[in-house]
Amino acid sequence: MVIKELGEKYKQYIIDLRREFHAYPEPSLYEFKTSEKIKRELDNMGISYVPIAGTGVLATIKGKKEGKTVALRADIDGLSVEECNNVEYKSQNKGYMHACGHDCHIAMLLGAAKILNAIKDKLNGTVKLMFQPAEEVAEGAKRMIKEGALEGVDGVFGIHVWSDIEYGKVCVEEGPRMASADLFTIKVKGKGGHGSAPHQGIDAVVASSAIVMNLQSIVSREISPLENAVVSVGSLKAGSRFNVIASEGILEGTTRCFNPEIRENFPKILERVAKNTAEAYRATAELEYNFATPVVINDVKCSKIASGAAKKVGIETTHLEKISGGEDFGEFMNRVPGVIALLGVRNLEKGACYPQHHPNYSVDEDALPLGSSLYAQYAVDFLNEQ
C-alpha cells in the first residue's frame with residue numbers, strides 16, 4: 001500500500017485527533033494534557049519516545065536499514081484567543097484556542113507516525129518525530145535543540161497549515177519564506193516637572209515621540225529598497241497626568257526581515273537612532289533587543305525533495321509571497337538543512353477563510369490526511385536521496 005493510500009486510510013483517525021486537540025488548547029510551556037495525549041497515541045503504535053523541553057515529545061522510528069536521519073516537526077501550543085466558532089469541538093479552555101493550526105500539525109504528524117510505522121521495514125534510515133512546545137513564544141525550538149533533539153539529524157521538515165492557500169495546494173519554494181521576528185524595548189529617561197513650565201523638565205513624551213518617528217527612517221533610508229524589512233513600534237507608554245511633564249517613556253516594538261545580515265545589524269542601528277534622538281531633546285535612551293525567531297530559509301535541495309514528495313501524494317505546488325510572520329522552525333534550519341511546507345487549508349464553501357490567529361479560524365479538514373502523507377513521503381524520499 002502506497003503512502004497516499006495509507007493517508008486516506010487513516011483520514012478519520014487524523015481528523016478525530018485534530019478535533020480532540022482543538023477542544024483542549026493549552027498555553028506555551030504548559031501543554032501538559034496535549035503532551036500526555038501524544039504519548040498515549042505513540043504508546044498505542046508501539047513507537048518509542050522520550051520527553052524533551054518540558055512538555056515536548058521526541059519519538060523515533062528506526063528503519064530496517066541503516067542510513068541518514070530525518071526529523072519531522074509539529075508545534076503543539078495554543079493561543080490566548082477566545083474562540084467564536086460554534087462547533088462540537090469548540091475550545092473548552094476559556095481564553096485559549098488553536099487559532100494557528102497547531103492542532104492540525106499534531107494530528108498530521110501522528111498520522112504520519114502511523115504511516116511510517118506501517119512501512120518501517122522499508123525505511124532506509126531513521127525518522128525522528130519532534131512534537132515541539134512553545135512555538136508561539138519562540139522558546140520551544142531553542143529548548144529542543146539545547147536538549148539534543150537534532151543530535152545525529154541530517155535534515156528537518158515541517159508543515160504549517162496556511163489559510164491563504166487553497167485546499168489541495170502547498171508552497172515549498174526555496175529561499176527565504178518567513179521573516180525573522182525580534183522584539184525591542186527602548187527606555188527613555190527625562191526629568192519630570194510641571195506642564196506649565198516645560199523648560200524646567202526634560203520631556204520624555206516629546207523625546208519618545210521623536211524616537212518613534214525617526215525609527216521609521218531606518219527602513220526607508222538605511223536599508224536597500226530591494227530588501228523587505230519592518231520596524232514597528234506597537235506600544236508607547238509615557239506620562240501620568242495632563243499637566244505633568246513625563247520623566248520616563250517606554251517603547252516596545254518588533255523588527256522583521258528576510259536577510260540575516262540585516263537582522264544582525266538591527267540592534268546597533270536602533271540603538272544609534274534612539275540614543276542620538278533622545279540626546280537631541282536632552283534625554284537618554286537605552287535599548288533592550290531580543291533575538292526571537294530567525295529567518296526561515298528553505299534549502300534548495302530539500303525544497304526539490306519536498307516538491308517531488310507533494311507530487312507523489314497528489315498535492316499541487318504553488319507560489320506564495322514571502323510572509324512577514326515569524327516561525328521558530330528557523331532555529332532548526334540554522335543548524336541542519338530543511339524546508340517548511342505551507343499547506344493549503346482554505347475553502348470558502350466550508351467557511352475556512354479566516355487568517356491565522358482569528359477567533360473564527362478554521363480549516364478544511366480534508367487537507368489533514370494530505371499533510372500526513374506529505375510528512376511521510378518527504379521522510380522516505382529524504383532518506384532515499386543520495
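The analysis underlying the following values was restricted to heavy atoms, covering all of them including side chains, and did not include hydrogens, waters or symmetry mates.
A donor-acceptor contact under 3.5 angstrom links the side chains of Q356 and Y361, judged on distance only. A side-chain N or O of T277 and one of N214 form a donor-acceptor pair less than 3.5 Å apart. Between the side chains of N265 and E261, no donor-acceptor pair of N or O atoms lies under 3.5 Å. In this model, a donor atom of one side chain and an acceptor atom of the other lie less than 3.5 Å apart for N259 and E227. No side-chain N or O of H98 forms a donor-acceptor pair with one of E83 less than 3.5 Å apart. Between the side chains of Y289 and D182, at least one donor-acceptor pair of N or O atoms lies under 3.5 Å.
Taking the side chain as every heavy atom from C-beta outward, T185 and L251 never approach each other to under 4.5 Å. Counting heavy atoms from C-beta on, the side chains of F184 and T255 come closer than 4.5 Å. Between Q200 and H194, every side-chain heavy-atom pair lies at or beyond the 4.5 Å cut-off. Put simply, the side chain of R73 reaches to within 4.5 Å of the side chain of D328, judged on heavy atoms. A heavy-atom distance below 4.5 Å is found between the side chains of L72 and L116. Two residues are said to be in side-chain contact when any heavy atoms from C-beta on lie closer than 4.5 Å; I323 and L320 meet this criterion. Looking at heavy atoms from C-beta onward, I76 lies in side-chain contact with I38 at the 4.5 angstrom threshold. Side-chain contact between L6 and K114 is absent, with no heavy-atom pair separated by less than 4.5 Å.
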| field | Derivation of the side-chain contact (heavy atoms from CB on, under 4.5 Å) call for E365 and R19 | value | CA-CA 10 Å; E365 293 179 321; R19 294 183 176 187; 2.7 Å; yes
| task | Determine, stepwise, if the pair M108 / L343 fulfils side-chain contact (heavy atoms from CB on, under 4.5 Å). | result | CA-CA 11 Å; M108 291 190 302; L343 181 67; 3.8 Å; yes
| task | Output, in order, the C-alpha distance, side-chain angles, deciding distance and verdict of side-chain contact (heavy atoms from CB on, under 4.5 Å) for T34 and T55. | result | CA-CA 8 Å; T34 302; T55 49; over 6 Å; no
| How far apart are the C-alpha atoms of E41 and K37, what are their side-chain angles, what is the distance that settles it, and do they pass the salt bridge (Lys or Arg N to Asp or Glu O under 4.0 Å) test? | CA-CA 6 Å; E41 292 303 316; K37 174 63 176 175; 2.8 Å; yes
| request: Dump the intermediate steps for salt bridge (Lys or Arg N to Asp or Glu O under 4.0 Å) on R282 and D203, then the final yes or no. | output: CA-CA 9 Å; R282 298 178 295 136; D203 198 335; over 6 Å; no
| request: I would like to know whether R346 and E166 meet salt bridge (Lys or Arg N to Asp or Glu O under 4.0 Å); could you show each step before the answer? | output: CA-CA 4 Å; R346 183 179 182 84; E166 296 292 330; 3.7 Å; yes
| task | Walk me through it: do D366 and K350 pass the test salt bridge (Lys or Arg N to Asp or Glu O under 4.0 Å)? | result | CA-CA 11 Å; D366 285 340; K350 296 183 178 181; 2.8 Å; yes
| query | When you look at V233 and I186, which way does the side-chain contact (heavy atoms from CB on, under 4.5 Å) test go after all the steps? | reply | CA-CA 10 Å; V233 177; I186 298 172; over 6 Å; no
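A salt bridge links R177 to E173: one of the charged nitrogens lies within less than 4.0 Å of a carboxylate oxygen. Salt bridge K275/E279: absent, no basic N to carboxylate O contact under 4.0 Å. Taking a cutoff of 4.0 Å between a charged side-chain nitrogen and a carboxylate oxygen, E385 and K68 qualify as a salt bridge.
Using a distance-only test at 3.5 Å, with no hydrogens or angles considered, no donor-acceptor pair links the side chain of S307 to the main chain of S303. Looking at H22, its side chain never comes within 3.5 Å of a backbone N or O of D103 through a donor-acceptor pair.
No cation-pi contact links K39 to Y49, judged by a cut-off of 6.0 Å to the six-membered ring centre and 45° from its axis.
Between H160 and W162, the ring-plane angle classifies as perpendicular under the 30° and 60° cut-offs. Using a 30° and 60° split on the angle between ring planes, Y375 and F157 fall in the perpendicular class, above 60°.
H105 and A74 get closest at one heavy-atom pair: O-CB, 3.4 Å.
Applying the side-chain hydrogen bond (donor to acceptor under 3.5 Å, both in side chains) criterion to N86, with sequence neighbours excluded, gives no partner residue.
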